[in-house]
Every structure is written in structure tokens, then in C-alpha cells.
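A note on names: the letters A, B, ... follow the listed sequences, proteins ahead of strands, and every chain is numbered from 1.
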Amino acid sequence: MSAGAEKIAVTVSEKVVLNDLVTRFQFKRTDGGSFPAFSGGAHTVIEMKDGDMTRLNPYSLMSNPLTPEFYEVSIRRDSEGRGGSMFMHDQVNVGDEMVLSYPVNLFSLDLRARKQLLIAGGIGITPFIAQIKQMSLMSGNFELHYSVRTKSLGSYVDDLTDQHPNNVHIYYDDQDQQIELEHLLSGQPLGTHVYVCGPKGMINWVRSTAESLGWPESSIHFEEFLAPQSGKPFSATLAKSNVTVDVGEHESLLEAIERAGVDAPYLCRGGACGQCETRVIEHDGDIKHHDHWLEDEERACGDKIMPCVSRFEGKTLVLDR
Amino acid sequence: MTIQFNDETFKDDYTFKNSKEALARFPFPFHEDSYMYSVNLEPHVTSRPGSVYEMGFDVDEHYVSEMRDRAEVLAQDPLRSQSLPHMTLAGWDFLELVMENKSKDYPDLFELHKDGNKWRWINKPLGIDDTFTFLDETTLPYGPLEYIGRQTQGDHVLLDQREDNLWADAGIVTTQADWSLDFDIGMNFFQWHAPVPLAAELGVFKRALKFLMNIQLGAPARRLNWTMTVNPLLDTSPENYAEWGIQKTEITPETIGSKQHLRVELQTLWRLPRSNALVFPIRCYLASFEDIATVPKWGRRLHRVVRDIPDELATYKGFIDNKPLMLDFLSKFDDGLPTSDGIWPDIETEPPLQK
């Protein structure tokens, strides 16, 4: 089962440059219909037709989830990346038709929580924007701690502080402001859940601090989508389909499999959900695991790969696909 | 589509009966001449017009009487409908799913009119015409799950998804095959399946859970499950075992054809949008052995399945004691001819009974 078995044809209805790094895109249904409601924290996969290449990149939805009239995402320009965000920033304009997947949520709120403590870094704010809209409509109890580099790069800082002056706390890196995490976490009432979305270092910091303070694992939530990394080109043989695919420098193994017309399952395309796990029948070389799904023992065995983010260097790679 | 609704009972005098049309669309659960567990899930897409797979939420001739039976069970035992506090949003999602599907699939029976969050719901078979505010519980006579559950055939369990597991945190359950919502509420997927024999060893549960957690919005799944019930009793609950358990000892060679029923559950699974929960409708269909045996293919196959089923399964499904009696009856409908693949009756193509 592939993510977005169900897809939605959309038209870009707004493109708003927020600052030097982040641009917001709004989509309306091309057929004029209404969008499916979703849960705060859900993402959609955007299909980008860039020449003869199709990219499928996941972005958190940030519009009102309960009764959405449109879908919105905010995309950070990543000039070091493989080009998906650059394509959106530079090539996509109002009026363009695109295809989105139905929403999928791998970072949903635990609705049992007495209080939701949200910790965001940079573009990691986007899933929280939909969650905050959801909680505002359902009188949920939340607190946001949002760390940004500078005032000018603080996407949505003004909106959030205007609408929720008592619940939103902003920290500016260039003013040496830092979240006092230990103090923050140790002062929470029982029944609080903590959510973190941001750079890998921030996620690890929040997780390890919460764990060391005795927070139960089930009360700590994080979303870490990895963008697939570029790397040396390599080849893979798909045994069941009886084809060999060449994976380009800026292409993921999953994208190469799809380009060959082979249907492969996926959900997050970011190494997190486990859906694309594929058995390695044979390999002579190094599997470059970049996911955070496989356990260390499974990596040591070398019989599984997550083709959405992981790569290969060596002579032969044969997959059960 | 016009449905003639039966006036019938599922207890005491048991006037429940399948019309010829209802029997023709009965979801016979065996696709081959034997049975073993499998993760037999498939997409719940419209297929075979007229069959129980045509609509998202099937409405049939038993609808009105089943809803009356449900109301009576709930009046006696309100704990058959429960929803933990965090599941209210999922209840609204489910209410919307049912109302949208039924008004689209049966426009002559159900109507939904939306004006923003102000909704008007018309259910003609049950004589309901209510206006309420979506997401405002105070505007309905029950919580959203119970409100729509009282108008929808089948049991409904809402599963919260968290901690890489599914949790049965709400439900309305009055047509169950011997399990209790009040006992299972709050349990996770492995906990509520603990009584099922053999399946864990086969690795069925781990694979099924992985599949279920990946069910996506707009792409529901379904499977059939089955058991045996003496008399057309919908409410075979542990709470009332003292009343119905004894009935299993009361069948005789003369009454088995009319009293013994094959009980089939059409189980579907749907991702809910706002809550990210799943809803698990378990829809019960009953058919007597003598009705099933009028379909030559089903008569042959049911005999072979019951004859060859492992004892653990016959025990778990509660019919091991009556198995010899069942086989005496069913063997009369098995002439040893081969059967066609799949669950459908194939009346036109399968030969009549050769004895």
C-alpha cells in the first residue's frame, strides 16, 4: 500500500514569501470541492514534476485541520538539498496544477494529555501550527516554546504571539536566548505530553533531557523527517521485477524504483515510518543506512534497507522487490 | 433502491428470517473447502452490485428490527456503549463518516444537509429528523458515537493509535460474538486478542497490527470473520451467557437445520480524519444451516470446513460439543463434487446436489 493511494488534484492559490528562507504555498482543489479534514501534525506528499523527474516530498500541513477550505504548507529553501524545495521556491507559481496525497499523520497529539507542551526549532514549527489551530477550536491546554535564529527568520512568530499571548514563548538565537529545558520539563504538571520538531540536535536534546528527568517514553513525541541525502550513483537489481535500476546522485533509491515503474510501498519518505522496508537478498559493498527505523542488529545483518533515504556503495545490491 | 424492512425479533420467539434476496447476498465466509487464520484483509472498495461489498455501510432488510434490538439491550445495560474522554473527537469523525456515506448511498432513506457546522440529519426508516451543531455534544441526545451507533447496523469500536499500538478506547457493542466492551475497553491490540488460540504463534497479530496502523484516510480495508450461533441471537455477550449458553445444549437432529446459524462478521476499518483514530465496524449477518444448504456450493463447502477444522478453533468458536450433530446434518448436502473458488454462491454454474 503506497501513501496517497488517494490523491487530490490541486491548484496553487497563494504563494507568500515569509522571509529569506521560508515560503508558504496555499492549494485549492482544482475541482472546487472541499478537502478531507485531518489531524494536527499530518503531512501531505507533494508530487513535483521537474522536467522528466518526479519528486515526492512530504510537508506538514498547517491549515485549519477540522474544516479545511484549503491546504497550506511552508517550505524552507534548502540550497544544499536535492532540489525539491528549490523547485517549489523557484518554479512553482500561483495557478500551477499539482497533485497532493491524502493526509497521513505520524506525529499526532495524544488526546489523553492534560497539557500539551510543544517545542519547535525553525521550520519545525509547521506541524504545531495545525495542532494549535486544532487545540484552539477544542479548548486544548497547550504551551509552545519556539526557537528561531533571528527576528527576521522567525516564521509565524507574530501571528502566534498575537493569537496566543499567554501560551507562546519565543527564543532568539542571535540574542543568546535559549529554552531552559530542564527547568521547563521539571515544572510540568502530571499528565503533560511533550512534542518536539526541529533540527536533529534539538530532538535528541529534548528526548534525552526528558528521559533523564524520568518522563515516560510514551509521553515524549518527536517528528524527524530526513530529507534523502545525495550521494554517489549506484545500481540495484530488483529480483522480483527482474530489472536493474541506476540511482542518480540526487535521486533516492525509492525514486529510482518508482521511475522504473515498480510499485513500492511508502508513507513518510523520510526514514521514519517503516513502510518501505525492503529485504536485501544479496549485497557486495556497504549499505549506507540513513533511516531511523531499523535497529542496530538489523543493520548489522545487512538484510534490510529503507530505500526512501538509504544508499549503497559497492558492486552488487539485489533487492526483494 | 427500496428496501422492505422486516418486523422481526432476535430473542424470545426469534422471528428473524432471511428473505430469498437476503440469503443470495449473505456473505458466506469460506473461499475454499477449509479454514485457517490468515491476514485476509483487502481494500473496502465498492464491488459486486447488490452484495454486502457494494456500500461503505450496508443497510438491509433487518435494519429497523436490529436497531430496536440494540435499543433494548442498551436500556438493560448502558455499559454496552462507552467512550473514554479523549475519544469524543473520533466519535464525531465516525458520525460524519456514516452520515456522508449513507446519504450518498441511500438517498431515498437518509439525508444530510450541512450549513456550516449546523447539520440536519434525516433518517426515514427510523423516523428521525434532527438538527445539531457538528462538534458540539450538547446539541445531541447522546454522545456522537452512541447517537450514530443507534442508527447503524453492526458494532463499532473506536481505536486510538499511539505508542505503536491500537487501543480500544470507545465502542457501542450489542451484537458481539461473546466478547465484552466493558471488559476490553482501554486494552491494546495484543491484549484484546489474547484469548485467540494459534494466531499469535502464526505471527498473524504482528502483521495485522502493522497493516492496520498504516490504513489511510480514504482507503478503508475489510475482512470476513465467522462463528456459530444457536438461534438468531444478535446479543451473544458474556454478560448474558447464562441466558444463551444453555441454548447450545438444546438443539436436536430435528431442530439443528433451523436453529443452528452461521454467524458472519463483515469487519471494516477506516482511518478517521481529525482524531487520527480508526473505526472498526463489526457487522453481523446470520443464516440458518437449512437456508445455507439451499445453495449447493455452500452446503458442500460448509460440511468440509466443519469436518476438517482444528479442535482448538472449534473450541474457541464454541461449537465443539455440537460438531457431531452439525456433521450429521451437513453431510446430507455434500456429494463429494468439487467446488468453485471464492465465496460467491455461483448458483448458475455449480451443479445441484447429486444425492
- Task: Answer yes or no: is there an ion pair linking B:Glu111 with B:Arg120, defined by an N-O contact shorter than 4.0 Å?
- Result: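 Judged by the 4.0 Å cut-off on N to carboxylate O distance, B:Glu111 and B:Arg120 do not form a salt bridge.
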
- Message: Whether B:Asp155 and B:Arg80 form a salt bridge (side-chain N of Lys/Arg under 4.0 Å from carboxylate O of Asp/Glu) is what I want to check.
- Response: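 Judged by the 4.0 Å cut-off on N to carboxylate O distance, B:Arg80 and B:Asp155 do not form a salt bridge.
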
Of the backbone (N, CA, C, O) and the side chain (C-beta and beyond), which part of [X] lies under 4.5 Å from a heavy atom of chain A, both, or neither?
X        : result
B:Leu135 : side chain
B:Arg162 : side chain
B:Asn117 : side chain
B:Leu84  : neither

Part of [X] lying under 4.5 Å from any heavy atom of chain B:
X        : result
A:Asn105 : both
A:Ser108 : side chain
A:Gln134 : side chain

- Task: Using the ring of B:Trp344 (Phe, Tyr or Trp, six-membered ring only), decide whether B:Arg48 places NZ or CZ under 6.0 Å from its centre and within 45 degrees of its axis.
- Result: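 The answer is yes; both the distance and angle limits are met.
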
- Message: Suppose we call two aromatic rings close when their centres sit under 6.0 Å apart. Are A:Phe107 and A:Phe128 close by that rule?
- Response: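 When the ring centroids of A:Phe107 and A:Phe128 are compared, they turn out to be within the sub-6.0 Å range.
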
- Query: Between B:Trp270 and B:Phe57, is the ring centre distance below 6.0 Å?
  - Reply: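 Ring centres of B:Phe57 and B:Trp270 closer than 6.0 Å.
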
- Message: Which one wins on heavy-atom pair count under 4.5 Å against chain A: B:Gly116, B:Ala277, B:Pro273?
- Response: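 Heavy-atom pair counts peak at B:Pro273.
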
- Query: Hey, mind stepping through A:Tyr71 and A:Phe38 against ring pair (Phe, Tyr, Trp, His ring centres under 6.0 Å) and telling me if it holds?
  - Reply: CA-CA 10 Å; A:Tyr71 278 179; A:Phe38 61 95; 5.5 Å; yes

